[in-house]
Structures are given as C-alpha cells and as structure tokens.
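Shown next, in structure tokens, is the structure this report addresses.
Any value given below was found using the heavy atoms of this structure, including those in side chains, with hydrogens, waters and symmetry copies removed. Convention: sequence-line order gives letters A, B, ...; per-chain numbering from 1.
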Amino acid sequence: MPDHTPQPHARDKLTFLLSLVPYLMDHDRVSVQEAARQFGVSEEHIRDAVRLISVSGIPGDTAAYQHDDLFDIAWDDFEDNDQIVLTNLVAIDDSPRFSGREAAALIAGLQYLSALPENADRSAIAVLMAKLSRGASAAPSPVAVEASETDATLALIREAVAAERQVEFEYLNSRGERERRRVDPLRVESVDADWYLRGWCHLREALRTFRIDRIGDPEITAEPISYRPHDVDIPDALFEGSPEDIEIQLTIAPAALPLVADYLRGTASAPAADGLVHATMQVSHFHAVKRLACSHPGLVTVTGPPEARNVVADWAAAGLHRYDDSR
Amino acid sequence: MAGQGTAPRVPVEERLFSLVLALLATDHGLTKGQILATVQGYRQRFSPNGDNANLERQFERDKDDIRELGVPIETLESPGQAGNNQSLRYRIPRGEYELPRDISFTAEETALLGLAAMVWREGSLSDESRRAIIKLKALGMETVEPVLAYAPRVRVRDAAFEPLRVAIDKHHIVRFGYLKPGESDAGVRTVAPLALVQFQGRWHCCAVEPDTGERKTFLLRRIVSDVSTTGKSFEASTDNEAERGLRELDEVWASHHAQVRVEEGTDAARRLHKQRGAGKTKDGNLLLHYVDLNILADELTGYGPEVVVVSPPDLVDAVRDRLRAVAAAHTETAGEDGNA
C-alpha cells in the first residue's frame, strides 16, 4: 500500500509539463492563446508553465545547470507578442506514453460507450483500444465494464437530439399512470447500466428526467425543439425537487447508502445509535417510495409519515397476495 | 518543508520535472547520491557531509509518483557492486517512455476518447483519464467540441474498489469481510484479486483463492470490511483477466433463468421486457436471465403486485420472504422496526 498521500495536483502539473514540451516542439511558433485553447486551460496557466520550462533542464557535465543545459525560449516574442518559440531543447524528444492505468481507464470507458447507437461499428472501437494498449508504458490494468445492448429507443432519441426535433412518447409516472409526453430532448445521460433522457417536458412545462427503459412508443415529431441545451440550466443531479414535494423519513442500513444516495440529495447523516442512517427524502407522491423500499428489503425502511408507510405496506401485501391467488 | 534553512523553495512539479529530465538525459544512469547532490529541487536541500535521510525519503516518494504516471524508471546495478544499494543507478529508458511515433488519433477518435474519459467522475479512474487526455492533447489533434448531447457516467462508489485496484496492480493477496445474503455474519475471505469488472451496473472482483486455486467472483457491495493486505503476493497472470471476468459473468448470466408473470401495462412489464435477453415462454411467461438470485429477488420485490415469480422455486421463496419482511417492517409501530 502507498505509505504517503498521493499528490494528484503535482502529478497533473508534471503530466502537463511533459505534454506541453513536445506540443511546443511540434509547433515552431504558437500563441499563448492557441496553446491555452488546445489544452483547455487558462492563458496564465500556459505562461506559468512556459516560464517554468524555460528555467528547467539537466544538471549537465558541470552539474551546474549551465545555459546550454536549459530549455530556452525567444523571450521577446514571449513577453511582447505572447508567442511561444522554443530556442533550445533538452532531454525531451517526444510525447509520453500513457500509463497502464490511464490506458485502462480510457479502454474501460470505451467498452462502456460501445453501447451508444453511433458506435455500432465495434471494430473501430477495437482498433482504438489496441492503439491505447500499444501506446501505454505497461499492460493496461484489468478493469472492464460490460457494454449494454444497443437500444432502439436510445437510438431514436439520439436521432431526435441531433435533429433538434421534439419527441413524443408514452411514460408511466411514479403513480403508475400512463401519460403521453411531448419533450424537447436535450441530453442523454447514464449512470452505470441505466440510461436517462433529460429534456424540457411540454406537459409539465419543466425540465424532467425520464428513464429510457420506461419510455414506450417513442416517435420523432416534425416540430423543432423550443429550448436548446444551452437555454436550459441542466443541473448535475438527475432528480430535482419541486415546491409541492412531500417529505418522507427513512432509515437506511449504511451498506445501502450508496445505492439510494441519488434520491437523498445530500440529506443523509452519519449512522445513529441504532446503527442506521436516518434520512429524509423529497418525493412528488407517497407512491414514489414504495418501489424504492420494496427493492431494498431490510435495508431501507420508511418510518414516516404514516401514509407513506401504509403505501409501502399495501404494495408489499398486494405482491404477497398474488402468491396466495396462484396456489 | 520547514526547517530547510534559507534554500529557496522549489515547487514540487519543478522538482519532479527536473528529475524526469535528468533521468531521460542520462545513458548510464545516475546514482541516488548524484541525483540528490545535483538535480534541481534536491540539490538546494542536500548537505554534502550531513544526514540526507529526509531527502532520500523524498526521492523514494517522487520515484513512486513518477512511476504512477507511467514513466518507466529503470534501476541498473553498477558493475562489480551488485547488491550495493548506494551504487544503484537510475534512468528512464527513452524507448519505453516515448509514445511510438506511428500512434496517432483522428479527430473522431479524439472526440470518442474525450467522451470515454468523461465516463469517470470520481476516484482514481477520473484522475487517470484526465491525465490521459492531457497527453492526448499534446499530440496536437484539433480539440473537437465535446459531445454535449451525452453525459455518460460509470460510478465507482464501493469503498473496496480503490484498495482492490491497488492490490491488483501490485499483486498483493488481500483479506476482507464478505457478507453473503441471508447470513448475518461476514466471513473472512483471503484472495488474490485479478480484475475489477462492472456487469449489469455492479462492480465485481474476479479473484483466485490462493489455498484452493479456485476462481471466485465477489460482488463489491457485499464486501463489508476494509480490504487489508496480507503481506503476501501472488504471481501476475498473463491472461486478459478483465475480459475473462466479463465472459465468466456472462456465462453465469446465460445459464440462470427465471420465469415470471407480469401484469400488462405496468412499469414491470415495460422495463422487464426491455431487459437484455428477456423472452416469452410458450405459457406466456417472461423469461429472465440473472447472475445473482438475491439481486434479482430484490429487483422483482420492488415491482410488488406487478409481477409474480413462477420459477425457480428458490426465487419464489426469496421474493415472498422479502415482500413479507417489507410488509411487516412497515406495519409495526414506528420505533420497533428496522432490521427485518
């Protein structure tokens, strides 16, 4: 086990320096602005790095970091024109390889994305994975993610997002009622094996998150979307509360906390004396909680209000009752 | 660090960068003594006649950090001085450091890799994909607009994930408490971890039991203790263990099936029919595949009266027990409920 805390910040900075040098070597002259855009960092970040590179080098024969043993830049160009021109090079010839773990992270990410409709050409992904492996300094570490099946609904929604057209589909709300929804599709999101559509719902006149596997009979309409992705502030959290929400109290076994954390929106606290976490959850309707409680038996228990407990108890009892019928 | 006299403070990244440059530039390698006395960031703190124990420890940590970034550092023994730690020479072999020149990425590939990196938002995988993208950008490919229409995400929330990943990389045999469903006490498992694979949204660790040589797959969310090292290590596997792990889980999935009856028009009907491999039997039941009976039982219990399990009998019992437990836990007076 590592006996010290890693320094992610310093590691990122070192990676950046080792990458910036060969980039600058490949470009005889590049503006600070362009380099900043390429790496997605601020211009000041680039200037700081260039200043550091320009005083760095190797100890050299004299072990004294003589002028020839250091990188050098065209200072006038840099200070007057914000242009970077390397005039003396040391030690570095080429870009660094990926580490085995870096390659593994991208490869596992690609495996996961191979489920996306536009990646139906799996051979292109395989070629890319092989390139990453060959470009790594060690064998990629063994991490893998199963690719989900390419789903027809997902493909249709992607098409609608690209075409900026409204979609219409049937959706079961949390009370189990069917509704025809018309939605501006804005973004497709996923969490592990579950895929979601985030869009502007014309029925509710609000941003809503839909589970793709709950969508039925989807179709692309001829109507263009009325809101574009940057018109709407799409929050990171998949499920947003609304002022009409009701509050439910729950106890959660600590082991189950990661499984339900998304629904709690940060309200969970440390385990109480009984070893359980006491939390509250905002739901649109008491019925929203019955599936959650039943799919975490013994781990998630609704403690209040009584109406919510009744809804869960009735749901479970109705399920049990169906086994009596079948005997 | 405090107490280093009046030497100017050299930033960490400058010291690490200088170390990489020095080790890349040397053909024959540098000894630890040479490095501490001459390389920027060390030399300022080096005392020619004194105790450099702190600085030596600093060098060891820096070496680990640099190796973690995928920079290969080679150690060479000086001729005739085998076993003498002070005469070990360090260098970075250029061929193993540099990205082969024939590797390049198209704009489409770069965009796809950017999306692949986005998948990880937490933990070490997120740090590593961020650094991989920095390296990728150095290759000068036009930065393509990130695909805004997608926000894919794979979670790494199991506490056991990071320690297992370290143990896999270092080939450490580890020990952890594992709670099987239906048991109230966790059993201690000692295993050689081989791969981490996510299958159907859940992380699994593929491992071998060193005592029996038997392959086992563990669900990370059932690891209930810290993962601790045993001080023993195992021989690295040359197989693609991640791929093999996925294949094995897939075989288990394919060989297990359950039959359920679902109410038409319900949430259960819509979602279960869309499950991978779901099919109709000739009696009109829905056929589902699964890896773990208890996980399927939890899922089906969530559907309450919308689904009835027909087979296998173990699954029927598991779902009925769960429904009974949930009903009981929500009918007792509050304050006495909890563990069902």
Next item on the list: Before accepting this row, confirm whether a basic side-chain N of the pair B/R153/A/E189 lies closer than 4.0 Å to the acidic partner's carboxylate O.
Entry: yes
Checklist line | Side chain / backbone / both / neither for A/A293 at chain B, heavy atoms under 4.5 Å | finding: both
Check: Pick from A/I125, A/V90, A/L132: which one has the most heavy-atom pairs with chain B under 4.5 Å?
Finding: A/L132
Item checked: Residues B/E109, A/K131: salt bridge by 4.0 Å N-O rule -> yes
Note to self: Assess whether a salt bridge exists between B/D102 and A/R134, defined as any Lys/Arg side-chain N lying under 4.0 Å from an Asp/Glu carboxylate O.
What the structure shows: yes
Notebook entry, point to check: Is chain B contacted by the side chain of A/F71, its backbone, both, or neither, given a heavy-atom distance below 4.5 Å?
Noted result: side chain
Item checked: Side chain, backbone, both or neither of A/I212 within contact of chain B (heavy atoms, under 4.5 Å) -> backbone
Next item on the list: Would you mind checking which part of B/V224 comes under 4.5 Å of any heavy atom in chain A, side chain (CB onward), backbone (N, CA, C, O), both or neither?
Entry: neither
Next item on the list: Between chain B and each of A/L299, A/L128, A/V300, A/I234, count heavy-atom pairs under 4.5 Å; write down the option with the most.
Entry: A/L128
Note to self: Under a 4.5 Å cutoff for heavy-atom pairs, which residue among A/A144, A/G100, A/P185, A/A104 has the most contacts with chain B?
What the structure shows: A/A144
Margin query: Could you check whether A/D213 pairs with B/K274 (Lys NZ or Arg NE/NH1/NH2 to Asp/Glu carboxylate O, under 4.0 Å)?
Written below: no
Check: Are A/R291 and B/D267 within salt-bridge range, i.e. N to O under 4.0 Å?
Finding: yes
Item checked: Which atoms of B/R221 approach chain A - backbone, side chain, both or neither, heavy atom under 4.5 Å -> side chain
Notebook entry, point to check: chain A: which of B/Q40, B/R271, B/R322, B/Q275 shares the most heavy-atom pairs with it under 4.5 Å?
Noted result: B/R271
Notebook entry, point to check: Quick one: do B/R130 and B/D127 make a salt bridge, cutoff under 4.0 Å?
Noted result: yes
Margin query: What's the separation between atom CZ in A/F16 and atom NZ in B/K135, rounded to the nearest 0.5 Å?
Written below: 14.0 Å
Margin query: Taking every non-hydrogen pair under 4.5 Å, which of A/H296, A/R178, A/H27, A/R211 racks up the most with chain B?
Written below: A/R211
Checklist line | When A/A108, A/A63, A/S95, A/S137 are compared by non-hydrogen pairs under 4.5 Å with chain B, the top option | finding: A/S95
Next item on the list: Count the heavy-atom pairs under 4.5 Å between each of B/P152, B/A22, B/A25, B/A297 and chain A, then report the option with the highest count.
Entry: B/P152
Checklist line | Side chain, backbone, both or neither of B/V197 within contact of chain A (heavy atoms, under 4.5 Å) | finding: both
Check: Would you call B/E306-B/R261 a salt bridge at under 4.0 Å N-O?
Finding: no
Next item on the list: Just jot down the side chain to side chain donor-acceptor pair (under 3.5 Å) partners of B/E128, sequence neighbours excluded, or say none.
Entry: A/R101, B/R165
Note to self: Is B/L112 in contact with chain A via its backbone, its side chain, both, or neither, using a 4.5 Å heavy-atom distance?
What the structure shows: both
Note to self: Out of B/L21, B/T38, B/V310, return the one with the most heavy atom pairs under 4.5 angstrom to chain A.
What the structure shows: B/L21
Next item on the list: Pick one of side chain, backbone, both or neither for A/L17, based on which atoms fall under 4.5 Å of a heavy atom in chain B.
Entry: both
Item checked: Parallel, tilted or perpendicular: rings of A/W195 and A/Y112 (30°, 60°) -> parallel
Notebook entry, point to check: With a 4.5 angstrom heavy-atom cut-off, which part of A/D69 approaches chain B: side chain, backbone, both or neither?
Noted result: neither
Margin query: Only pairs of heavy atoms separated by less than 4.5 Å count here; which of A/S56, A/C294, A/P306 has the most with chain B?
Written below: A/C294
